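Below is one structure; the comments refer to it alone.
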Amino acid sequence: MLNTKEQISTQPPIAPYLIGLNEKQTIAVTHTEGPSIVIAGAGSGKTKVLTARIAHVLKENKATPNQILALTFTNKAAAEMRHRIEQVVGDQAKALWLGTFHSVFVKLLRREAAALGYPTYFSIYDSEDSKSLLKQLIKDLNLDDKVYRLNVVLGRISHAKNRLISPQSYAADALYQAEDMKMRMPRFSELYLRYVQYCSRAGAMDFDDLLVYMHKILYTHTELCKKYQQTFRYLFIDEFQDTNLVQYKIIQKLAEVHQNICVVGDDAQSIYAFRGADIQNILHFTRDYPHHQMVKLEQNYRSTQHIVDTANHIIQHNESQLKKTVWTDNTQGEPIQLVKAMSDLEESRMVVASILAQKRKHGLVYQDFVILYRTNNQSRNFEEALRKQNIPYRIVGGLSFYQRKEIKDFLAYLRFVVNPNDASSFKRIINLPKRGVGAVTLDKIFTLVHEKGETLWHVLSHLEQFLTGAAVVAIRRFVAFISSVADQLALKDAYTLASYVAKESGFLKELYEDKTIEGLTRYEHLQELLNSIKQFVDHAADTDPSLGSFLQEVSLITNGDQDNVGEDVVTLMTIHSVKGMEFNHVYLVGMEEELFPSAMMLGSKTDLEEERRLFYVAVTRARLKVIISYALSRYRFGKLSHTQPSRFLKEINLEPNALSVTATAPRALSAINRSDQTFGDLKVGSSVKHAHFGEGKVVQLVDTEDLYKAVVFFSSVGKKTLLLHYAKLELLPTR
DNA sequence: CATGGCCTATTTTTT
DNA sequence: ATAGGCCATG
């Protein structure tokens with residue numbers, strides 16, 4: 001690009017956001033019209049391109065911010081993107097339609113809820129809500145929960161929804177029916193139907209519904225569809241390889257009029273097939289848009305040569321992949337290191353010891369490190385080891401604040417006020433605090449709802465017509481209370497109403513009176529929640545400060561979103577949640593058969609290939625160094641079991657016993673002293689120049705726990721041992 | 001109707 | 001290891 005000075009002076013000034021882009025990136029950014037697909041290898045500047053492209057559209061006045069729709073998979077990615085666009089275009093960025101698929105669709109569905117027969121502030125059921133609902137339905141139908149396994153059933157429902165198979169068409173489909181028979185679940189269709197009916201009557205949508213109903217709006221409400229097709233002139237889809245059928249159909253429909261759709265993805269990083277993601281969408285895109293422009297970003301700017309090589313090596317073992325050569329001209333860096341531990345406990349200590357040593361040796365900060373694992377429960381040992389060493393850390397994922405029981409309970413209160421047909425929320429709170437309403441009364445109520453075909457709220461507010469007894473009196477009081485709050489919904493903001501409910505419902509008092517340590521924490525959590533509602537209201541200057549709006553927003557928050565960014569802490573998370581991020585040093589732990597690859601994924605080749613892509617994602621997060629660890633034994637289900645090193649290690653020629661890392665914790669990483677050792681570009685035999693001693697030749701490299709040393713033979717003074725952290729050695733070209 | 005103790009299944013990943 | 005379900009008891 002900017003090759004000579006003459007070029008700069010004769011050409012118009014280049015927009016600041018285009019500076020520093022390579023040739024391919026520039027094409028991807030500036031060809032804004034028509035369908036285009038960007039295949040972006042790991043670390044190839046994907047986000048940079050996507051944000052520059054949006055900025056370009058705005059700067060060239062091709063569209064106003066609210067005519068641009070940009071969809072990501074995580075809130076984090078959306079926030080990051082908005083931030084970076086803001087740096088280029090300023091406040092305009094605020095008006096972009098930019099967010100996760102789910103959060104953007106909630107906003108649209110809220111506007112169009114009436115067309116679907118849903119209340120404006122419909123409830124959103126998270127996976128836990130879905131689970132407990134399904135559990136109840138399985139019970140209601142007298143099905144054996146050992147055959148109709150919760151996770152299996154839920155997964156199947158989710159899968160059907162993501163493939164746009166309604167309960168009716170599911171029941172009519174011979175193939176699905178045959179599968180169900182094989183799995184001894186002949187009544188699955190019925191269960192699916194009931195589940196959908198329940199949600200619709202409760203005015204609730206689960207995560208999949210947000211997509212399914214968005215699809216429904218676009219494909220069955222022509223006028224509404226036209227409106228949005230006209231509105232969105234430019235569409236941007238991040239992590240395209242992880243889209244499923246509904247998502248693809250939605251964006252396809254939205255792009256139908258203007259055809260300005262840009263999808264960015266990397267087939268090598270597709271790790272969500274388990275929730276319906278279909279890499280085939282990349283093929284479908286090229287087929288559905290024959291005039292598309294395709295750009296492949298193959299230069300990696302993130303990682304060292306060693307890391308890029310290893311990553312390429314990993315992915316080569318997969319048969320199904322797009323042709324792509326990721327390369328880098330970064331320095332060679334250090335080889336991937338392997339740590340072997342005797343037990344899971346020792347593994348965690350060794351990793352933590354290694355972090356401390358690396359930090360000291362290179363003058364790093366905690367933020368440089370991430371510990372990645374396959375399953376959330378692996379975090380435990382590492383947390384303890386980190387705590388013991390007083391190392392600050394944060395965990396992303398796992399049990400989030402909003403999944404705590406007291407928080408879910410209170411949110412259920414608020415949800416029921418906003419949507420009094422939400423039966424799940426009702427059941428959750430009717431006896432919080434105790435109101436003497438038992439299972440029998442509840443059963444009667446739900447039978448009535450079912451038989452009369454009335455809404456839950458109708459039955460509750462006319463209960464005297466149907467039932468008598470002490471419970472009825474209690475419910476009448478409860479109903480009166482809920483009504484009194486509901487009357488204020490349009491008048492008062494979320495915070496005012498929430499604190500009112502907390503006090504007047506007796507919920508806060510109940511928590512307050514529990515003086516155990518856990519009770520105290522629960523009380524604090526509730527206060528914390530109320531604070532966050534206050535914040536929500538304060539920040540909702542020109543948006544909707546209502547309780548309904550808060551509840552919908554909060555349903556889509558995941559842990560890690562609101563987390564303390566910028567603090568100097570070690571990060572712990574699953575490989576799935578690290579996607580899209582980068583760290584200087586990556587510790588990939590628990591590299592054992594049946595754990596990674598997971599025992600659940602050994603059954604089929606496609607599953608195994610997804611695990612391998614997961615491995616690829618983990619390794620490519622690192623800028624400088626990857627350290628992989630495994631243990632020879634591990635506690636599973638409270639029992640000690642022996643483990644085998646992962647097959648993936650052999651695939652990248654990291655033989656479990658190749659490196660003589662002593663396995664004694666916590667002073668674990670003893671000196672490695674090998675003739676083929678390299679430190680960056682420095683290796684035995686390298687010619688170097690030292691400020692005092694002049695030219696010399698490296699005869700030995702020593703890697704101790706917290707120091708790098710080099711033994712150099714200088715013609716002037718003979719052998720000297722130098723500490724690489726201090727000594728400034730200049731590498732001379734080899735002759 | 002609520003509580004406490006014992007039993008069992010559970011661990012794949014997330015919006 | 002631990003959470004949730006089931007049963008017996010208050």
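None of the values given here were measured: they were computed from a predicted structure.
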Spacing of the C1' atoms in dT13(B) and dG4(C) (rounded, Å) | 23 Å
Contact class for Lys131(A) vs. all strands (heavy atom < 4.0 Å): base, sugar-phosphate, or nothing?
-> nothing
Length of the line joining Asn244(A):CG and dT14(B):C1', which is rounded to integer Å | 12 Å
Check the geometry between Phe274(A) and dT12(B) and answer yes if their rings are stacked (centres below 5.5 Å, planes below 30°), otherwise no.
-> no
Do the side chains of Arg163(A) and Asp278(A) get nearer than 4.5 Å, heavy atoms only?
-> yes
So which nucleotide from dT15(B), dT12(B), dA9(B) ends up closest to the side chain of His102(A)?
-> dT15(B)
Length of the line joining Leu640(A):CG and dA1(C):C1', which is rounded to integer Å | 14 Å
Take atom CZ of Arg613(A) and atom P of dT13(B), then tell me their distance rounded to the nearest Å.
-> 18 Å
Whole Å only: how far is the CZ atom of Arg636(A) from the C1' atom of dT11(B)?
-> 8 Å
Whole Å only: how far is the CG atom of Asn162(A) from the C1' atom of dT13(B)?
-> 15 Å
May I ask you to say what Asn151(A) touches in the nucleic acid, namely base, sugar-phosphate or nothing, with a heavy-atom cut-off under 4.0 Å?
-> sugar-phosphate
Geometric class of the Phe410(A)/Tyr413(A) ring pair [parallel <30°, tilted 30-60°, perpendicular >60°] = tilted
Does the side chain of Ser549(A) reach to within under 4.5 Å of the side chain of Phe536(A), using non-hydrogen atoms?
-> yes
Just jot down the ring-ring contact (aromatic ring centres under 6.0 Å, His included) partners of Tyr228(A), sequence neighbours excluded, or say none.
-> none
Classify the nucleic acid contact of Ser127(A) as base, sugar-phosphate or nothing, counting any heavy atom under 4.0 Å across all strands shown.
-> base
Remember a base hit wins even if backbone is also touched, and classify Phe101(A) as base, sugar-phosphate or nothing at under 4.0 Å, heavy atoms.
-> nothing
Kindly state whether the pair Tyr272(A) / dT13(B) counts as stacked, where counting means centroids closer than 5.5 Å and planes tilted less than 30° apart.
-> no
Hey, is the side chain of Arg149(A) poking within less than 4.0 Å of OP1 or OP2 on dT10(B), counting only N and O atoms?
-> yes
Give a yes/no on whether any side-chain N or O of Lys135(A) is located under 4.0 angstrom from OP1 or OP2 of dG5(C).
-> yes
Starting at the 5' end of DNA chain B and moving along, which residue's nearest nucleotide shows up first, Asn377(A) or Thr574(A)?
-> Asn377(A)
Under 4.0 Å between any heavy atoms, over every strand shown, what does Arg380(A) touch: base, sugar-phosphate, or nothing? Just pick one.
-> sugar-phosphate
Using whole Å, report how far NZ of Lys161(A) lies from P of dT15(B).
-> 18 Å
Can you check the Glu128(A) CD to dG4(C) C1' distance for me, whole Å?
-> 12 Å
Can you tell which of dT12(B), dA9(B), dT15(B) lies closest to the side chain of Phe207(A)?
-> dT15(B)
Can you find a side chain N or O atom of Asn376(A) that sits less than 4.0 Å from OP1 or OP2 on dT13(B)?
-> yes
Tell me, with the steps shown, if Ser646(A) and Glu593(A) meet side-chain contact (heavy atoms from CB on, under 4.5 Å).
-> CA-CA 4 Å; Ser646(A) 169; Glu593(A) 281 294 292; 4.1 Å; yes
For the residue pair Phe648(A) and Phe615(A), categorise the inter-ring angle as parallel (less than 30°), tilted (30 to 60°) or perpendicular (more than 60°).
-> parallel
Please report, rounded to the nearest Å, how far the C1' atom of dG4(C) is from the NZ atom of Lys408(A).
-> 16 Å
